[in-house]
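So you know, we letter chains A, B, ... as the sequences are listed, proteins then strands, and number each from 1. Being a predicted model, the structure only gives us computed values, none of them experimental.
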Amino acid sequence: MAEPYYATTPIFYVNAAPHIGHAYTTILVDVASRYQRLAGRDVRFLTGTDEHGEKIAKAAEAAGTTPQAYVDEVSAQFRSAWDELGIAYDAFIRTTEPRHQAVVQEVLQRVYDQGDIIYGEYGGLYCVKCERYYTEKELEDGTCPQHGIAPEYRSEANYFFRMETYRPWLREQLETNPDLIRPEGYRNEVLAMLREPIGDLSISRPKARVPWGIPLPWDEEHVTYVWFDALLNYWSDLVSHGLEERYWPAAEHFIAKDILKPHGVFWPTMLKAAGLPLFRHLNVHGYWLVEDRKMSKSVGNVVRPLDLVDRYGNDAFRYFLLRDMRFGLDASFHELGLAERVNADLANDLGNLLARTVGMLGKYRGGVVPAFGPREDADRALQATFAALPDAVLRHVEALHYDEALAAVMAAVSEANRYVSDRAPWELAKEAARAGELDTVLRTCAEALYATSVLLDPVMPERMATLRARLGVPGDVHLDDAAAWDRVPEGTRVEAGEALFPRVDLEALKATMEVGDGADAPAEAVEAPLPHKPEIAIDDFAKVELRVGTITAAEDHPNADRLWVLTVDLGPETRTVVSGIKAHYTAEQLVGTTVIVVANLAPAKLRGVTSQGMILAAEDAEGTLSLAGLDRPLAPGSEVR
RNA sequence: GGCGAUGUAGCUCAGCUGGUUAGAGCGCACGACUCAUAAUCGUGAGGUCCGGGGUUCAAGUCCCCGCAUCGCUACCA
């Protein structure tokens, strides 16, 4: 039996359509899985969608449909997005599937029976306006620090997983198995989390309030809340197919750093409580930071990476994502960087090597691959370089160093180009006596290209298959083929054709970017429906008093980093408004700005400073804020309707 | 405010447990070649390794202080 390998993406929450963040993780796991398959491993690649929760129930209601219909639609969007990106997953799990629910309930019951899930009358002191519970410590003089009103006693009975119990155990696991969470920086972060109490984890919600979820097996009035449902997908998919013994020991989770805590703390303790072994690795990657704030702001052309698939091709895009990110760290995304990478590595080095090889075979040998002639040191040296690559590449990939794996292959391609220059086949072609040498050079190039196509197949499956087809040797490949050096046999007919990777016109691209164009390619992802709030009558709206105000001062909040204490001129009166826009606007930008103020909002204390109103701002999906204003100046105090 | 990450050539980044003149790719300059996608090959220019202290025979690489950027968090009316 081949060595198993079980790779997972997080299951994606279906309250939004797929975007670049989902795509990167999924592509990463696709590449990891393909390398393992190439190496002959017994691979299972799982992805899926997370479909329960209050947000989804509400979104469905707003969209005028049922939760099930809603999640069916969005889940399908994910699947079609992955199909477009050529993701070769083996299994797709949805948390609404009966097979998953059955496993969740079974595990819950087991953990409950052994006493690790307890019933808690949580909170007690509940502020109706905040819609949240407060602890005694948080209250100021027995009142809500936000609204200054007395909280009422409420007993929302929830169940709690006794996570804190397992904190020492988890610390020990991380100490003895330093590789469990990698790269190391993330292991350290989790260890830091474990230095202080992690508390118990709320794992249920009253069914009355959140009907869309998996019922607790021992209490039908509650449904499972988030993590006990979602995280268990990694396990439930295997169990439902009877594959847990085969794959679980080889579990490799891949996640982005934003969900480190649930995967690094909740999940291992859950597994322990359920009496299940730990996963093998938790692999944590960073973010792609898309810069060019100026450009998007003034011209309105946000660079959307998914659009680039259309422009540069899926394979080139995948290559770039893996080549230009150091695993674990954040990377900055520039379209120009992508274009330069495509030109340098794929068009100039690799694509051109194919073009010149096929060109010479056509010109000197009628398009037919010859047998090796006599071989010299230079020929053997290139072969030796490639022969060492399968092991090196696999080693890098397993250490998560995708950038280095690709760099190593491209270094060999460079060496091949150097080899061609050194051996100068165009000179050999002039002397009939050296025909054997020429055969060797041409054949060597063909073998080098074949080997490259194998080594890069997991990253660029489509283009590498094309490459092999052009060499006249299509078909499935194994990692060992990269070192064989006999896979393009004598007599094979090669095929000239279009450039494998067309060069990008950088000058044109730069010109486009300066003009601020590039918005002609619309976003690929289908938008999820907007989650609407319940309809209101005009009278409801009339209750809100909106007025034009001018910011006259912006001061630091004495006790909060994200808040500005603004002085707003409303004409006859002046208000102090505390606003959480510090991350988006400087004091200089704010002073003198005309804004819209909610003037009849009940005053509230924000970390000690009383705010007399609220300033309107819009927030996009990325969390960027923009103040709402007027398109012509109007006297402060004017009412907005 | 607390915790953490990052700061190395114009750009994107490597530099493990401290050790000879600090590296790669791209870009740039010059040259060679012509099979090839104005590609390829060679040579070269370019760096106070954020700043300041300190430890050491020796620090980009360890310690302290500071600065900058970013993230998490204090739930941001």
Side-chain angles (χ1 to χ4, degrees), chain A residues 129-130 132 138 145-147 185-186 188-189 191-193 195-196 257-258 260-261 286-287 289 320 323-326 328-334 336-341 343-364 401 403-404 406-407 410-411 414-429 438 441-442 445 496-506 557-564 566 576-584 597-598 601-607 609-617 619 623 625:
Chain A
K129 294 198 175 181
C130 295
R132 61 161 286 196
E138 289 175 305
Q146 297 289 319
H147 304 91
Y186 294 105
N188 293 337
E189 276 196 37
L191 280 171
M193 294 173 196
R195 276 202 295 267
E196 290 174 15
K257 64 182 187 182
D258 57 333
L260 177 61
K261 188 170 184 178
Y287 294 147
L289 307 172
F320 170 79
R323 178 64 185 80
D324 275 39
M325 176 178 270
R326 187 83 183 164
L329 302 179
D330 292 347
S332 48
F333 187 100
H334 301 104
L336 197 57
L338 163 59
E340 284 176 347
R341 181 61 83 185
N343 277 359
D345 289 7
L346 301 181
N348 294 353
D349 284 1
L350 177 53
N352 186 51
L353 180 63
L354 175 67
R356 67 200 304 206
T357 298
V358 171
M360 288 189 287
L361 279 166
K363 187 173 279 192
Y364 304 138
H401 296 152
D403 55 340
E404 288 183 42
L406 297 184
M410 289 315 300
S414 271
E415 190 181 327
N417 275 315
R418 208 173 310 127
Y419 164 82
V420 174
S421 287
D422 292 346
R423 295 290 265 137
W426 46 93
E427 295 296 336
L428 298 176
L438 179 55
V441 174
L442 296 175
C445 288
E498 298 288 302
L500 189 66
F501 295 102
R503 253 183 92 74
V504 179
D505 186 341
L506 292 180
H557 191 294
N559 196 23
D561 284 359
R562 288 194 188 177
L563 306 180
W564 280 121
L566 304 174
T576 296
V577 176
V578 180
S579 183
I581 56 176
K582 201 164 184 178
H584 304 272
V597 179
V598 181
L601 194 62
K605 215 181 242 188
L606 278 106
R607 290 196 70 75
V609 175
T610 302
S611 181
Q612 307 161 315
M614 164 180 173
I615 289 175
L616 296 189
E619 180 176 14
L625 285 184

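For the C1' atoms, the distance from B/A36 to B/C41 is 13 Å, rounded to whole Å. Comparing the P positions of B/G27 and B/C11 gives a spacing of 15 Å, expressed to the nearest Å. Comparing B/G71 with B/C28, their C1' atoms sit 35 Å apart, to the nearest whole Å. Distance check on atom C1': B/G47 versus B/A74 gives 41 Å, rounded to whole Å. B/G66 and B/G19: their C1' atoms are spaced 29 Å apart (whole Å). A distance of about 33 Å separates the C1' atoms of B/G54 and B/U12, rounded to the whole Å. Between the C1' atoms of B/A22 and B/U61, the separation comes to 11 Å (whole Å). Rounded to a whole angstrom, the distance from the P atom of B/U43 to that of B/G7 is 30 Å.
A/Leu361 has its CG atom 12 Å from the P atom of B/A36, to the nearest Å. Rounded to a whole Å, the CG atom of A/Asp422 is 18 Å from the P atom of B/A32. What separates CD of A/Glu404 from P of B/C16 is a distance of 12 Å, to the nearest Å. Per the geometry, CG belonging to A/Asn417 stands 18 Å off P belonging to B/C33, to the nearest Å. Following rounding to the nearest Å, A/Arg323 (CZ) and B/C26 (P) show an atom-to-atom distance of 10 Å. Put simply, NZ on A/Lys257 is 11 Å from P on B/U6, counting in whole angstrom units. For the pair A/Leu353 CG and B/C41 P, the computed distance is 10 Å after rounding to whole Å. Between the CE atom of A/Met325 and the C1' atom of B/U12 there is a distance of 13 Å, rounded to whole Å.
For A/Asn352, there are no side chain to side chain donor-acceptor pair (under 3.5 Å) partners at least two apart in sequence or on another chain.
Pair assignment for B/A29: B/U43, on the basis of Watson-Crick or G-U wobble contacts that are both within less than 3.5 Å. Base pairing of B/A24 is made with B/U12, judged by Watson-Crick or G-U wobble geometry with both donor-acceptor distances under 3.5 Å. When both distances must be under 3.5 Å, the Watson-Crick or G-U wobble mate of B/A59 does not exist. Pairing for B/U69 is with B/A5, a Watson-Crick or G-U wobble pair whose two hydrogen-bonding atom distances lie under 3.5 Å.
Atom-to-atom distance recorded for A/Arg356:CZ and A/Asn417:CG is 5.0 Å, nearest 0.5 angstrom. Put simply, CE on A/Met410 and CG on A/Leu350 are 5.5 Å apart, with the number rounded to the nearest 0.5 Å.
When each of B/G4, B/C26, B/A39 is scored by its nearest atom to the side-chain atoms of A/Ala344, the top-ranked nucleotide is B/C26. Side-chain proximity of A/Glu427 to B/C41, B/U34, B/C35: nearest is B/U34. Among the nucleotides B/A39, B/C35, B/C41, the one closest to the side chain of A/Met360 is B/C35. Distances were taken from every side-chain heavy atom of A/Val420 (C-beta onward) to each of B/C35, B/A14, B/U40; the shortest belongs to B/C35. When distances run from any side-chain atom of A/Lys363 to the nucleotides B/U37, B/A77, B/C35, the shortest one goes to B/C35. Across B/C33, B/U40, B/A39, the shortest atom-to-atom separation from the side chain of A/Trp426 is found for B/C33. For A/Glu340, whose side chain is taken as the heavy atoms from C-beta onward, the closest listed nucleotide among B/A77, B/C26, B/A36 is B/C26. In the set B/A77, B/G4, B/A39, the nucleotide with an atom closest to the side chain of A/Leu601 is B/A77.
Within the nucleic acid shown, A/Gly337 has no heavy atom closer than 4.0 Å to any nucleic acid atom. Nucleic acid contact class of A/Phe501 (heavy atoms, under 4.0 Å, all strands): base. Note on A/Asp403: nothing from the nucleic acid sits closer than 4.0 angstrom, heavy atoms only. Note on A/Leu329: only backbone sugar-phosphate atoms sit closer than 4.0 angstrom, heavy atoms only; bases stay farther off.
Here A/Arg326 reaches the OP1 or OP2 of B/G15: one of its side-chain N or O atoms lies under 4.0 Å away. Here A/Arg341 does not reach the OP1 or OP2 of B/U12: none of its side-chain N or O atoms lies under 4.0 Å away. For B/G42, the OP1/OP2 oxygens have a side-chain nitrogen or oxygen of A/Arg418 closer than 4.0 Å.
Judged by distance alone, with hydrogens and angles left aside, the side-chain atoms of A/Asp403 form no donor-acceptor pair with the main-chain N or O of A/Arg326 at under 3.5 Å. A distance-only check finds no donor-acceptor pair linking the side chain of A/Tyr186 to the backbone of A/Lys257 [under 3.5 Å].
Two residues, A/Ser414 and A/Ile615, neighbour RNA chain B, and the one matched to the more 5' nucleotide by heavy-atom proximity is A/Ser414. Where A/Leu506 and A/Pro425 each meet RNA chain B at their nearest nucleotide, the meeting point lying more 5' is that of A/Leu506.
Of all non-hydrogen atoms in A/Ala339 and A/Leu506, the two that sit nearest each other are CB-CD2, 3.6 Å. Residues A/Tyr364 and A/Ala429 come closest through the heavy atom pair CE2-CB, 3.6 Å. Summarising the geometry of A/Val577 relative to A/Gly613, their closest heavy-atom pair is CG1-O, 3.5 Å, with the distance given to 0.1 Å.
A donor-acceptor contact under 3.5 Å is not formed by the side chain of A/Asn348 with the base of B/A39.
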